[in-house]
Structure formats: C-alpha cells, structure tokens
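This report refers to the structure that appears directly beneath it.
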Amino acid sequence: MAEYNPQTIEKKWQDTWTRTRAFEVTEDPSRPKFYCLEMFAYPSGHAHVGHVRNYMIGDVMARLKRMRGFNVLHPFGWDAFGLPAENAAIKHGTHPETWTLENIAHMKGQLQRLGISYAWEREFATCEPEYYRWNQWLFTRMFEKGLAYKRRSTVNWCESCQTVLANEQVVDGGCWRCGTPVTQRDLEQWFLRITEYADELLKGTDALGTWPEKVLTMQRNWIGRSEGARVKFPIAGADDQIEVFTTRIDTIYGATFMTLAPEHPLVERFAAESPDPAAFRAKAQKFRSQDRTGRMTGDVEKEGFDTGRRVINSFTNEEIPIWVANFVLGEYGTGAVMGVPAHDERDREFATKYGLPIRVVVNDADVLVESGEFSGLPAAEGMARITAAAESRGIGQGAVQYRLKDWGISRQRYWGTPIPILYCEKDGMVPVPDDQLPVTLPKMDVFSGRGDSPLASVAKFVNVKCPRCGGPAKRETDTMDTFVDSSWYFYRFCDPHNDRLPFDRAKVDYWGPVDFYSGGVEHAILHLIYSRFFAKIFRDLGLSGHDEPFARLLTQGMVLKGGAVMSKSRGNVVDPDDMIEKYGADALRLYVMFVAPPEKEVEWSDAGLDGSFRFLLRVWRLVWRLAETIGGEGIPAPGTLTLNDAERALRRKTHETIRRVTLDLDPRVHLNTAVSGLMELVNELYTFCQGIRCFRGEDNDDVGAMDRIETIAVAKEAVEALVLMLSPFAPHMMEELWEMLDHSGGVVAAGWPAFDPEAAKADEVVIPVQVNGKLRGRVTLPAAATEAEIEKAALAEPQVQAHTAGKTVVKVIVAKGKLVSVVVK
RNA sequence: GCGAAAGUGGCGGAACUGGCAGACGCGCCGGACUUAGGAUCCGGUAGCCGAAAGGCUAUGGGGGUUCGACUCCCCCCUUUCGCACCA
C-alpha cells in the first residue's frame, strides 16, 4: 500500500498552489464575494499553535467558501510597527527593521507549511513606507477636518515602555503590553476625535447581531453613554457658576454640598483667593499626586477639604459648601458633582465622614418628597419636570455624557509612523503636503528609550523648510500609536499596491465589509472599536460605502498548556513546525479544529493530535483500498439505480452527513462537530465495506470485490463526498486523495457536495415510546406511517404493554417523527 | 460591588426550534491478526442493583411549568471573563 507521507504530499500541494496562484483573486461581479480575514499578526518571532489556531479557523471557512462557488479574498499581512522591535534593537544592537523582517520571514514560512490558503501577492507589512504613507495621508485628512488635533493633557505614561498609552491601553491600571503601573504626565499630544462618533459607534452595535454579545457589551460599556442633565450652581459672592453633570437631577433638592475634582480649573482660583494659598494648594496637590489607579478604582479612601466657598442651589435657594475631593474625576463630565448623600453611596460615605447634612428627597416608593413644587411626583417624572424647570430658568439642560474619550495617538518612540506635521515659526502647525509623503523614518542606530522621542535627535530629520513660507520649521518627532496601522489594513488588502490612494473605492465596495473576521477577544475594545471608527472616517471622506468594517466576528479561544496560556516566557509553547514534522500539517489542523468549538479555550494534548493523525490514516487506507474500484469515469450516479438495503443505508448516511456538515460549517461554524460528522461517515464506510468484504488487502490481493455496480456507485458517492468535505480541514491529503480517485482539477473545481433530500429520506423510522415520561420501548415503522398507526404500534409494543397493563391510558401524544408519550393512571 | 457567560462520564466535548442524555474523539478494558506490537481491525466503556431480561439514579444544588426539561422560569452555590468611585 502506498504509504501516507505527509511531508512529501504537503510540499507537493503547497508548491502547486503557489505555482498556479490558486488563492489569488480579482474582483468578479458575476460571483458572490466572501472576504475572509484573520487578525493580522504581530511578527514577534515564532508563532505557536495558539496563534495559528486562528489562521486555521479562517482557512477552513475560506476553503469551504471557495468550494461553494464564492470569490474568496483571504489575505494576510503584518502589524509590523511596535515596541518589541525597538526594545529588541536596544537590547541586541540590531535595527528594528532587521528584527521585524527576520521574524516575518520565519512566521510566513510557518503559515505556508500549514497550508493556509492566503493570497500572498497581497501581503504587506505596516512598517513599509508604501503602507504608512497612507496613515500619514489619512492623518492629514483628519487634521484638515479637525478630527486630528493637538492639546496639552494629562496622559497615561508607562515607565517601562517609556511612552504614552491610550485609555484603551490601560488594563487594570497597568500597561496593556507589560503590566507596569501607569503614571500620569502632562504632555502635548495628538488626539483623534473618536468622541465625534460616540453615538454612532454605540448605536451601530445593535446592527452587529452576529458579533459575540460579550464583545458588544464591552464596547457599549466602554462608550459608556449616560443620560442626565447639566446644571449650573452660581458661586456665592462671585459672578460665575459651577456646572455639574448629574444623572439624578430628581434628587437636586437633596444636594447638600458640591465637590470639585482636584484638577478642576476653579481649584487654583479658589486657592489664590483663599487666606492661605500655599496650604490650599498643598492639599489639592496631595490628591492630584495620589495614585491615579487607586483613585479610579476606589481603593483609596475618600478624602476632601472644604474650600470655604459656597454655591447656591437654585432649587432650594440654599448656600451649600464647595469641597475638593479625591474621588471626583477631572476628566469625566464637568469635573464637578453635586453631593446628594441620601441617594448616592459615594456621597453618603463622604458626607458621613465629614459630618455633612444628609437629606432624603426620594422615599421608598420612588416618590419625591421635600422637593418643593415637585414633591409627590414619581422620581422618573420628577426628573423630566426638574430638567424642564432648569432649562426654563436658564441654569441647565438635559445632556448626554460619554465615558469614551478622544484617542491619544502620540508615541515617544522610533518604530512607528512619523506624524506628518511641521512646526513653522511663522505659519504654526503645517501638515506635510501630500506630494511630499511619505515622511520616512530616518535610519538610526541608537534608540534611547528614554522617554524623549528618538527622532528628535536626528537633526536632518527635524530641521526642514516650511512648505508655505520656506522659512525654518521643525518636524513633529512623535510617532503614531500602532493601532492606527491596524485600524484600516483590511481595506488596504482590497487594493494593496495602490500608489495614488490608500485604496480604490470600487475595490473596497466590492470586497467589503469583511464577511468573516476572527481573532482574539483581547481586541474587543482596542482594535475593534478603532477599526469601526476608521470605517466611519473613510465613509465620511467618501472613500468607502460601508458603515461597519466587519459583518461577522468570531473570537477564538486560546490554547493552553499545563493550564496556562502559551508564552515564550512560561516556556510552554508548542511550535507548529515540530508537530508538522511529526504528524503533518493536515493532522495538526484537523486536531485543532476537532478538539473544541473555535470560541472555546482548549488544553493542548499530544494524545489528541495522535488520534487525529490515526483518523487521517484511516481515511487514507479507506480511499486507497477503494480507489481502483470507484475511481474514474463511467460509474452511474446512484440516484438512477435500484439499491439494496445496505446501499440505501450508506447513501442515506452520506447525504445526512452532507446536510449536517454543511450546516455545522456555514453558518454555524461548529468546526468540531463537522469533523465528528465526517468521522461517523468514515466508520459507516468501514462497516459497509467489511460487510460486503470488498476491501483490497494490504498485500494487494483482493479479499472480495464490489461486484454490483450499485455498490460501487454508492461507495464512490460516499468516498468522494468525504474527501471533498474533509478538504477544508486537511487540504493537502484530500487533494492527493482526490487525485488518487482519478480526478484532475482539484477539489475547488469539484465543488462542495450537493445534498439530496430524497437520498437522505429514511424508509423506516425508529420511534421511542415513553410511558409517564420514562422511555419504555421503541417501535419501527415505515416513514410514511400516520399518527394513528404510530399510536397503535406504540401501545402494542410489549414493554409499553407491560407498563400500561391494568392502568388507564389517559392521553397519547405523538410528536411527529420524534417520539410517542403515553400517559397512564 | 455591578454585568455577562458557563457548570454534562476518567478527560475534550455532543444534543439544531422542549422530544431516545453522553454523538465523535482521547483514555481504559477485552478480542482478532501477529515472532512481537505503543501498528491495524472489531467489540465494550455514566453510576448502582441484577445471571439475564430489565429496573433505579443521573446534565452544580433546591423548587416550579410541562405528557415530556441539559434546554424554559424562580432561588442558591461554584467557575471564568468583563467593568470597577463615570456622579
């Protein structure tokens, strides 16, 4: 028997695919398109099986869709800018580019050895000027529209990475990359106005029905929409007022004090006007320097001090004291809140500590009390009425507040996209003209990692002429957050070599949006919200017609080993290359797809992989033993023949399997149960062949033969369907077997097997019978039996008789095609 | 603390709209073929009682709805994840 040698076969087919450009595509309006994408890779070095699981999932979908006649775009590329490259450069004295390109080369080899069906001609890396040029172009467009702007602000700073972090990149008070506790710095920073789209980003989540609910919830929480009101409180003895944001304006009669964030601008004025400004400032400063994480998470005890000043609560006409408190956040709302200790837990804690009055204004029945003219109203109505009253008095109005903040994109590091802005003494901030893009990264060999932008040390880069006045100007030396790169790469894949525009609109309109997107759930807010934001920017710039970039999202589970996530530092990684060497890529792919549903995390098991390898051997042997008999032309379609019982049974199994596997793959993406369905078909085929002793023996002697053409026809149909349906999982072996079965042209040309409902129909059905809810027997009946016949047969069944004897049959329920339920008393 | 998801054999996991719980695989046990086998093929494998036929108990625990519940409802427990002073 021809031995199964995965290494030889896989090499052969991978070479064939490359040679025939099998996965390269162009727009073709005559066919339905399918854009299948896995989150592109950060080239960190070597991919482990946890990384490649995602690519395998996408590949099954891409290959399936190709077989089903779709024009499939399945590209891959590299998220190639970022800190690790720069850190490796500092550590090893290499250039970040060298490190990055070496890693890309290695990882690309790994993916090719896995047989992932990528359109490699579309590959790019974000560190190429041909790509990041368009980051700069897009930044310029956003700058022109006021969507990119610069301001001084307090930013999150990672001491270890020596750079700024966006709010989305602060996880549990630490850096998303290295976990170092985040500190605060005051810096001039570039921001992208994502808040402009807060409402649309929020509303858009409703249309993303096929996204995991979990991701949508996280995004909604992150955007954090609150409805309430802004109300002004006049400052006693001054002309101006303090504005607060509240979601509980109905409790305004219970506001007994006011609290300002230590960062609030009025704090400094009150300090200056106070009898002892230095002491005042010292107290405020103490809160400001308190660990921000602690302040944010409530771990720090609530503290405050009385400013000695008062505001007037216009509803009660009382003067209430203004405090400064550490629990009020400067960057949310107005940085000032009204203190309603009776109806807010934080305010109660604070008021109790400092002996401030507590006044109940909503009773247990949610009705307003002691609220002037509003007393007696239900709280909800009170809220509307008080808002209206504030509006008519000109001291407030209904307001919506978001938690989402603008996206700070300045990074004080080298290995990123230079921000294309010049500072001219005369003209101020001037964007680099489009025809001078890209602003390329200058070659450097020293990367300080000191917190000042490395580019600032390259005089030739910094000192330029102003394109407007020709006078001296200096370049911006910060680079962009790498999440800018990954926020639109999926559109660039539609037109990766365009040198006039980021992409051609017609191409993006043809391919977009991504139909199936898979990747790790860790991007639920970062990448996935930024990408949605960019999609809207492109739309509003007239560059695409899509509101949303990803129609369907699958968040794949991680692969654990020894109960822990695989990582180099833990030393528990499984390298796909090692597994390919031992078992072949096909067995590895099949195992990873079979072991659990794609969304679930899995524990790596060598034994499981062994099992998948054995299954493939079983398929190999099966096909090899039958190939001579069932291969080739001239065998009639089984639908035209008169079959015996065994043949009909096999045919039924074949078509049941086609139906089930097709549904499991698309739309359900239950890849694991699709594989088990195919395993069942293999088991059935073995039983069938053994039953009629038709296998060719190991030594090439015929043990028996398929002497009926009908037998050959159904076996052929079953085996061919099996090979085709397995091909998305184990593409190399299935191409080889398809060829062994005397077909040329490959599995995609052959197409996905068609389900024939006639063939799947059973002539007989086995119907279970319950008596008082307990299974007591089964009856076998012709599929066409009527309800009355089923009921009669069920009641006649001996076991059922035994349990109904001497009792009265109260009711018989026949669930058509499912079971019979007999109720006795 | 708030929110979400999930708890099924020794293990990974099935069960599509309330209808035969444990598909498929791993592991284990047995048989066949073998000089041998950690190869291959076949069979068995939730627990308890029983020689068997069969019966009883089982989907985290407790209630409920229903002829019928892993599936729906209520309470509780556990785990995982997310959010965490957002006024």
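So that the names make sense, note that chain A is the first sequence line, chain B the second, and so on, each numbered from 1.
- B:A46 sits 32 Å from B:A36 when the P atoms are compared, rounded to a whole Å.
- Checked by atom type, the side-chain pair A:D610/A:Y591 shows no donor-acceptor distance below 3.5 Å.
- The distance from atom NZ of A:K600 to atom C1' of B:C11 is 12 Å, rounded to the nearest whole Å.
- Taking every side-chain heavy atom of A:T673 into account, B:A15 is the closest of B:C83, B:C41, B:A15.
- Side-chain contact check for A:R532 and A:Q219: at least one donor-acceptor pair (N or O, by modelled atom type) lies under 3.5 Å.
- The P atoms of B:G61 and B:G7 are separated by 13 Å, rounded to the nearest whole Å.
- Side-chain contact, A:Q401 with A:R230: a donor N or O sits under 3.5 Å from an acceptor N or O.
- Nearest approach of A:L795 to A:Q801, heavy atoms of both residues: O-NE2, 2.6 Å.
- B:U34 and B:G25 have their P atoms separated by 27 Å, with the value rounded to a whole Å.
- Across the protein-nucleic acid pair, A:N672 atom CG and B:A14 atom C1' stand 8 Å apart, rounded to whole Å.
- Using C1' as the reference atom, B:G54 and B:G3 are 50 Å apart when rounded to the nearest Å.
- Side chains of A:Y402 and A:D199: a donor-acceptor N/O pair is present below 3.5 angstrom, by distance only.
- The nucleotide B:C33 finds no pairing partner, because no Watson-Crick or G-U wobble arrangement with both distances shorter than 3.5 Å includes it.
- Sequence order on RNA chain B of the closest nucleotides to A:R668 and A:M338 puts A:R668 first from the 5' end.
- A:Q770 comes within 4.0 angstrom of a base, heavy atoms only.
- Distance, A:Y591 OH to B:C24 C1': 14 Å, rounded to whole Å.
- Checking B:C41, B:C24, B:A87 against the side-chain heavy atoms of A:R621 singles out B:C41 as nearest.
- Between B:A84 and B:U17, the distance separating the two P atoms is 34 Å to the nearest Å.
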Using the side-chain contact (heavy atoms from CB on, under 4.5 Å) rule, take A:L622 and A:L722 through it: C-alpha gap first, then chi angles, then the decisive distance, then the call.
CA-CA 11 Å; A:L622 176 80; A:L722 171 73; 4.1 Å; yes
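- Of the C1' atoms belonging to B:A6 and B:G13, the separation is 14 Å, rounded to the nearest Å.
- Counting to the nearest Å, the P atom of B:G25 and the CG atom of A:L678 are 12 Å from each other.
- At least one side-chain heavy atom of A:L216 sits less than 4.5 Å from a side-chain heavy atom of A:L208.
- Using a 4.0 Å heavy-atom criterion, one finds that A:G333 contacts no nucleic acid atom at all.
- Put simply, CZ on A:F613 is 13 Å from P on B:C26, counting in whole angstrom units.
- Of the C1' atoms belonging to B:A23 and B:U45, the separation is 15 Å, rounded to the nearest Å.
- Within a 6.0 Å radius of NZ in A:K353, other residues, nucleotides and ligands contribute more than 12 heavy atoms.
- Pair assignment for B:U66: none, as no Watson-Crick or G-U wobble contacts are both less than 3.5 Å.
- Two residues are said to be in side-chain contact when any heavy atoms from C-beta on lie closer than 4.5 Å; A:T352 and A:P341 fail this criterion.
- Contact annotation: A:S226 side-chain N/O to B:A87 OP1/OP2 distance is under 4.0 Å.
- A:N683 comes within 4.0 angstrom of sugar-phosphate atoms only, judged by non-hydrogen atoms across all strands, and of no base.
- The two residues A:V267 and A:A284 come nearest to each other via the heavy atoms CG1-CB, 3.8 Å.
- Contact annotation for A:N772: no contact, since no heavy-atom pair falls under 4.0 Å across all strands.
- Base pairing analysis places B:U80 opposite B:A4; the two distances defining the Watson-Crick or G-U wobble pair are each below 3.5 Å.
- Look at NE2 on A:H264: it is 13 Å from C1' on B:A87, rounded to the nearest Å.
- Distance noted for atom P between B:A21 and B:C74: 26 Å (whole Å).
- With B:C24, B:C41, B:A87 as the choices, the nucleotide that has an atom nearest any side-chain atom of A:F594 turns out to be B:C24.
- Looking only at atom types and distance, the side chain of A:N683 has a donor-acceptor partner in the side chain of A:R618 under 3.5 Å away.
- Its glycosidic angle being more than 90° from 0, B:G68 falls on the anti side.
- The nucleotide B:G9 finds no pairing partner, because no Watson-Crick or G-U wobble arrangement with both distances shorter than 3.5 Å includes it.
- Side-chain contact check for A:T256 and A:R359: no donor-acceptor pair (N or O, by modelled atom type) lies under 3.5 Å.
- Within the nucleic acid shown, A:R778 comes within 4.0 Å of at least one base atom, counting heavy atoms only.
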What pairs of nitrogen or oxygen atoms, one from the protein and one from nucleotides 29-33 of chain B, lie under 3.5 Å apart?
none

Expected string for nucleotides 50-61 of chain B under the B/S/- scheme (protein heavy atoms, under 4.0 Å, primed atoms plus P, OP1, OP2 as sugar-phosphate) is ----SSSS----
Check nucleotides 78-81 of chain B for protein N or O atoms closer than 3.5 Å to its own N or O atoms and list the pairs.
residue: B:C81; atom: O2'; partner: A:K214; partner atom: NZ; Å: 2.6

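- Between A:S612 and A:Y332, it is A:S612 whose nearest contact on RNA chain B lies nearer the 5' terminus.
- Using a 4.0 Å cut-off between a side-chain N of Lys or Arg and a carboxylate O of Asp or Glu, A:E797 and A:R776 do not qualify as a salt bridge.
- Note: A:W323 and A:F350 have perpendicular aromatic rings, judged against thresholds of 30 and 60 degrees for the angle between ring planes.
- Residue A:L609 contributes atom CG, which lies 21 Å from atom P of B:C24 at whole-angstrom precision.
- In this structure, A:I813 atom CD1 and B:U66 atom P are separated by 12 Å, rounded to whole Å.
- One finds a salt bridge joining A:R660 and A:E680 here, because a Lys/Arg side-chain nitrogen approaches an Asp/Glu carboxylate oxygen to under 4.0 Å.
- Pairing of B:G27, defined by two Watson-Crick or G-U wobble distances under 3.5 Å, is identified with B:U45.
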